[in-house]
Novice: 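Got a structure for you, written out below as structure tokens; questions coming shortly.
Whatever order the structure lists them in is the order used to number ligands and atoms, beginning at 1. On a predicted model such as this, the values are computed, not experimentally measured, just so you know.
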Amino acid sequence: MQTQALKERIATELSRSRSRTALLADAVDDGDLVKQHSPLMSPLVWDLAHVGNQEELWLVRDVGKREPVRSDIDELYDALRHPRRERPKLPLLGPVEARGYVAEVRRKVLDVLDAVRLEGDPLVDRGFAFGMIAQHEQQHDETMLATHQLRVGEPVLSAPPPPAARVRVAGEVLIPAGPFTMGTSTEPWALDNERPAHRVDLPAYYIDAAPVTNGQYAEFIADGGYDDPRWWTPEGWRHRVTAGLAAPMHWRRDGDRWYYTRFGRTSPVAPDEPVVHVCFHEAQAYAAWAGKRLPTEAEWEKAARFDPASGRSRRYPWGDEDPTPRHANLGQRHLSPAPVGAYPDGASPLGVHQLIGDVWEWVDTDFHGYPGFAAFPYREYSEVFFGTDYKVLRGGSFGTDPVACRGTFRNWDFPIRRQIFAGFRCARDPRPGEEVD
Ligand code: AVJ
Ligand code: FE
């Protein structure tokens with residue numbers, strides 16, 4: 001991309017992320033902005049100043065070599081120093097100060113962007129650090145949206161409903177055996193954990209054509225799935241018992257009907273929407289009950305990116321084109337997942353639907369670096385989380401912005417977490433005698 005076009009794209013991405021941050025922050029009054037709505041989440045005003053602080057650290061100081069705006073507050077907004085539950089007790093910037101701070105940082109960043117050469121140094125080559133910061137802000141915007149979902153009170157957010165189903169999608173898709181390229185070494189704004197591209201050879205497997213729906217999940221509940229340890233791993237069952245899990249988060253039963261509350265509005269659970277707000281253990285138990293399993297991360301990515309016609313891995317299930325509203329339910333345009341079948345134009349060549357958008361999908365893989373992983377530009381983005389504590393999630397949700405969502409993008413969380421916009425789909429090995437080639 002020409003320098004000027006790239007700089008314009010960066011400016012657009014930075015301003016889009018800031019509009020969303022402002023919308024999510026301004027939707028509540030100052031009392032709600034500084035208060036903690038759940039021990040799992042930061043006060044919204046922490047996220048607000050934290051995105052400004054990260055922007056200052058990387059773009060004002062590191063890339064721009066400018067004087068700090070406020071070096072005295074770095075410590076307060078260092079996520080690894082203070083767990084979320086403790087953040088409301090910190091001497092945080094108040095609403096007026098936080099808004100003033102992020103605006104001042106942004107003015108300087110636009111000045112830096114004007115002057116910078118976007119090549120040479122890998123930190124700025126093809127605009128990487130700016131893309132990283134735009135994505136970082138959008139990631140926090142999804143976190144802020146999750147905080148809104150946990151907030152109690154009158155609804156303050158609204159959006160048009162997602163599109164209706166346009167095609168019937170059901171059953172499973174066979175992904176043929178063979179190698180594919182996982183990860184990327186070329187996508188300019190891909191983060192360190194998505195790199196490098198490497199070959200992975202997989203045996204044939206089946207994967208669900210769509211995420212598991214509320215209707216399907218309700219059958220698991222009705223069949224006593226939450227009361228039968230056979231479906232759960234020992235760790236999952238322990239958690240199911242101690243946490244008293246009985247249905248997805250935000251579901252409530254009234255007689256024989258299920259209701260959920262989303263962003264302050266209660267309605268009957270829509271049977272054809274992907275289930276959301278389940279933890280890894282619930283996903284794993286459902287899959288076992290259904291006679292299947294969760295896909296591995298490699299299986300998910302092959303289903304999403306492998307093009308059987310060319311043998312190549314593409315950026316998205318539909319090809320290399322950036323996501324548009326035609327392809328996927330992304331970007332907080334709607335405040336819920338769309339029904340299964342709503343995005344035929346976003347399907348993969350083999351007919352796997354809604355891999356991108358709607359709900360994050362739990363996969364049965366711990367968060368690790370790919371072969372040849374190198375932390376860049378800081379260990380604290382990914383590397384410090386590698387190990388067996390975190391499970392990977394793929395594909396983004398209705399709350400994820402397109403700039404922070406790719407066929408290679410990797411999210412991760414503890415397997416007990418449910419406040420994120422997470423669902424799943426199932427996979428399985430071919431059965432003996434089943435024709436797979
Ligand atoms: C990739 C969503 C797990 O929110 O914890 C934000 C992204 N990293 N600030 C998170 C992130 C630093 C991260 N996740
Ligand atoms: Fe952050």
Novice: List the steps and the verdict of ring-ring contact (aromatic ring centres under 6.0 Å, His included) for Tyr343 and His353.
Specialist: CA-CA 7 Å; Tyr343 290 96; His353 287 242; 9.8 Å; no

Novice: Just distance, no hydrogens or angles: give the donor-acceptor pairs under 3.5 Å from side chains in residues 283-290, sequence neighbours left out.
Specialist:
| unit_1 | atom_1 | unit_2 | atom_2 | d |
| --- | --- | --- | --- | --- |
| Gln284 | OE1 | Thr233 | N | 3.4 |
| Trp289 | NE1 | Asp223 | OD2 | 2.7 |

Novice: Among side-chain atoms of His140 and Thr143, is any donor-acceptor pair under 3.5 angstrom?
Specialist: no

Novice: Which is it for Glu104 and Arg70 under the salt bridge (charged side-chain N to carboxylate O under 4.0 Å, His left out) test, yes or no, and what are the steps along the way?
Specialist: CA-CA 10 Å; Glu104 187 179 348; Arg70 295 252 339 222; over 6 Å; no

Novice: As a quick check of understanding, evaluate side chain to side chain donor-acceptor pair (under 3.5 Å) for Glu273 and Tyr260, giving each step before the final call.
Specialist: CA-CA 12 Å; Glu273 269 171 22; Tyr260 46 30; 2.8 Å; yes

Novice: So, using side chain to side chain donor-acceptor pair (under 3.5 Å) as the criterion, who are the partners of Asp413 when residues are at least two apart?
Specialist: none

Novice: Identify the protein atoms, limited to N or O, that lie within less than 3.5 Å of an N or O atom of ligand 1, and list each pair with its distance to 0.1 Å.
Specialist:
| unit_1 | atom_1 | unit_2 | atom_2 | d |
| --- | --- | --- | --- | --- |
| ligand 1 | 9 (N) | His136 | NE2 | 3.0 |
| ligand 1 | 9 (N) | His140 | NE2 | 3.1 |

Novice: Nearest 0.5 Å, what's the CD-OH distance between Glu55 and Tyr101?
Specialist: 8.5 Å

Novice: Determine how many protein N/O/S atoms sit closer than 2.8 Å to the Fe ion (ligand 2), leaving waters out since they are not shown.
Specialist: 3

Novice: Of Glu301, Glu297, Glu194, which meets side-chain hydrogen bond (donor to acceptor under 3.5 Å, both in side chains) against Arg410?
Specialist: Glu297

Novice: Please say whether the positively charged group of Arg394, taken as NZ for Lys or CZ for Arg, lies over the ring of Trp412, i.e. under 6.0 angstrom from the six-membered ring centre and within 45 degrees of the axis.
Specialist: no

